[in-house]
Colleague: 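Quick one: structure below, then a few questions.
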Amino acid sequence: QVPLMESGGDSVQTGGSLRLSCAYSGRLAITSCLGWFRRAAGKAREGVAAFERDGSTTYAESVEGRFTISKDNTNSNLYLQIDNLKPEDSGLYYCAARPPSAVSGKCIGRPLDSNAYNFWGQGTQVTVSS
């Protein structure tokens with residue numbers, strides 16, 4: 001099990017900023033493979049940012065340049081800094097963890113593919129008004 005708990009969601013105006021947090025615990029190997037996803041009303045869940053085991057990051061094209069994923073292992077928190085918020089960024093934001101390969105040690109699956117992740121938080125709501 002990898003307990004995950006998101007916080008930091010809020011209602012903001014277009015152009016504003018938010019920092020989402022995700023408190024995690026568990027083995028370092030799997031907590032190195034964390035990502036952020038979101039689900040807008042009436043839409044499928046989509047990956048927005050994720051870490052690989054080597055610390056490299058991947059972003060969805062729609063958020064590149066506005067979202068920044070970061071991690072602090074000393075306090076076991078994953079962050080998502082969101083700048084220049086747009087109404088289409090509204091949704092429920094989740095953090096998630098995917099397992100590492102027992103052979104290579106690399107994170108299994110594609111970083112923004114929700115099917116690769118098997119541990120999920122409950123989500124935190126972000127609402128952006130125009």
Side-chain angles (χ1 to χ4, degrees):
Q1 282 286 359
V2 182
L4 301 165
M5 183 174 293
E6 304 91 339
S7 61
D10 204 349
S11 295
V12 297
Q13 292 192 323
T14 297
S17 296
L18 280 175
R19 189 175 82 155
L20 307 183
S21 299
C22 172
Y24 60 82
S25 60
R27 292 184 296 115
L28 181 60
I30 196 168
T31 57
S32 298
C33 301
L34 297 172
W36 284 100
F37 292 77
R38 68 183 179 190
R39 186 194 297 273
K43 294 187 177 181
R45 185 166 53 191
E46 64 169 335
V48 294
F51 273 110
E52 293 289 355
R53 186 78 186 275
D54 63 1
S56 61
T57 55
T58 300
Y59 293 93
E61 190 175 321
S62 60
V63 307
E64 188 86 52
R66 298 189 300 118
F67 286 27
T68 304
I69 188 172
S70 62
K71 191 163 166 275
D72 187 344
N73 287 328
T74 61
N75 66 15
S76 298
N77 266 280
L78 178 74
Y79 301 104
L80 185 68
Q81 176 69 38
I82 310 175
D83 297 317
N84 189 21
L85 277 156
K86 304 176 180 180
E88 54 263 39
D89 294 322
S90 297
L92 194 59
Y93 282 70
Y94 303 88
C95 64
R98 56 189 164 128
S101 166
V103 176
S104 68
K106 295 181 179 180
C107 306
I108 292 175
R110 292 176 294 171
L112 300 183
D113 180 1
S114 62
N115 292 318
Y117 292 76
N118 50 5
F119 298 106
W120 294 85
Q122 295 299 306
T124 186
Q125 180 68 39
V126 172
T127 303
V128 185
S129 57
S130 57

Colleague: How about Tyr59 and Thr68: do any of their side-chain heavy atoms sit closer than 4.5 Å?
Modeller: yes
Colleague: Tell me whether Val126 shares a hydrophobic cluster with Val48, the cluster being built from Ile, Leu, Val, Met, Phe, Trp, Tyr side chains joined at under 4.5 Å.
Modeller: yes
Colleague: Looking just at side-chain N and O atoms, do Lys86 and Asn84 make a donor-acceptor pair shorter than 3.5 Å?
Modeller: no
Colleague: Drop me the distance from Asp10's CG to Leu20's CG, to the nearest 0.5 angstrom.
Modeller: 10.0 Å
Colleague: Would you check, one step at a time, whether the test side-chain contact (heavy atoms from CB on, under 4.5 Å) holds for Ser7 with Ser21?
Modeller: CA-CA 5 Å; Ser7 61; Ser21 299; 3.7 Å; yes
Colleague: Of the non-hydrogen atoms in Tyr24 and Leu78, which two are nearest, and what is the gap between them?
Modeller: CE2-N, 3.7 Å
Colleague: Test your reading of the model: is there a side-chain donor-acceptor pair from Thr124 to the backbone of Tyr93, 3.5 Å cut-off?
Modeller: no
Colleague: Show your working on salt bridge (Lys or Arg N to Asp or Glu O under 4.0 Å) between Arg38 and Asp89 and close with a plain yes or no.
Modeller: CA-CA 9 Å; Arg38 68 183 179 190; Asp89 294 322; 2.9 Å; yes
Colleague: Using a 4.5 Å cut-off on heavy atoms from C-beta on, say whether the side chain of Ser25 contacts that of Pro3.
Modeller: yes
Colleague: Is it the case that the side chain of Arg45 and the backbone of Ser114 share a donor-acceptor pair, with hydrogens and angles ignored and the cut-off at 3.5 Å?
Modeller: no
Colleague: Can you measure from OG (Ser90) to CD (Gln125) and round to the nearest 0.5 angstrom?
Modeller: 7.5 Å
Colleague: OG of Ser104 to CZ of Arg53: how many Å apart, nearest 0.5 Å?
Modeller: 9.0 Å
Colleague: Working to the nearest 0.5 angstrom, can you tell me the gap between Cys33 SG and Asn118 CG?
Modeller: 10.5 Å
Colleague: Any link between Val63 and Trp36 through a network of hydrophobic side chains (Ile, Leu, Val, Met, Phe, Trp, Tyr) touching at under 4.5 Å?
Modeller: yes
Colleague: If you look at every heavy atom in Glu46 and Ser62, which pair is closest and at what distance?
Modeller: OE1-OG, 4.4 Å
Colleague: Rounded to the nearest 0.5 Å, what separation is found between the OG atom of Ser17 and the CZ atom of Arg66?
Modeller: 10.0 Å
Colleague: Does some side-chain heavy atom of Pro111 sit less than 4.5 Å from a side-chain heavy atom of Glu52?
Modeller: yes
Colleague: Using a side-chain heavy atom cutoff under 4.5 Å and only I, L, V, M, F, W and Y, what cluster partners does Tyr94 have?
Modeller: Phe37, Leu92, Tyr117, Trp120
Colleague: Counting only heavy atoms not in Gln13, do more than 12 fall under 6.0 Å of its CD?
Modeller: no
Colleague: Following the transitive rule for hydrophobic clusters with a side-chain heavy-atom cut-off under 4.5 Å over Ile, Leu, Val, Met, Phe, Trp and Tyr, establish whether Leu85 and Ile69 coincide in one cluster.
Modeller: yes
Colleague: So, Asn77 side chain and Asn75 main chain: donor-acceptor pair closer than 3.5 Å or not?
Modeller: yes
Colleague: Test your reading of the model: is there a side-chain donor-acceptor pair from Thr57 to the backbone of Ala50, 3.5 Å cut-off?
Modeller: no
Colleague: Quick check against the 3.5 Å criterion: does Glu6 have a side-chain atom that pairs as donor or acceptor with the backbone of Cys95?
Modeller: yes
Colleague: Hey, any chance Val12 and Leu80 share a hydrophobic cluster, counting ILVMFWY side chains that come within less than 4.5 Å of each other, even indirectly?
Modeller: yes
Colleague: Working to the nearest 0.5 Å, report the span between CZ of Phe119 and CG of Leu4.
Modeller: 8.5 Å
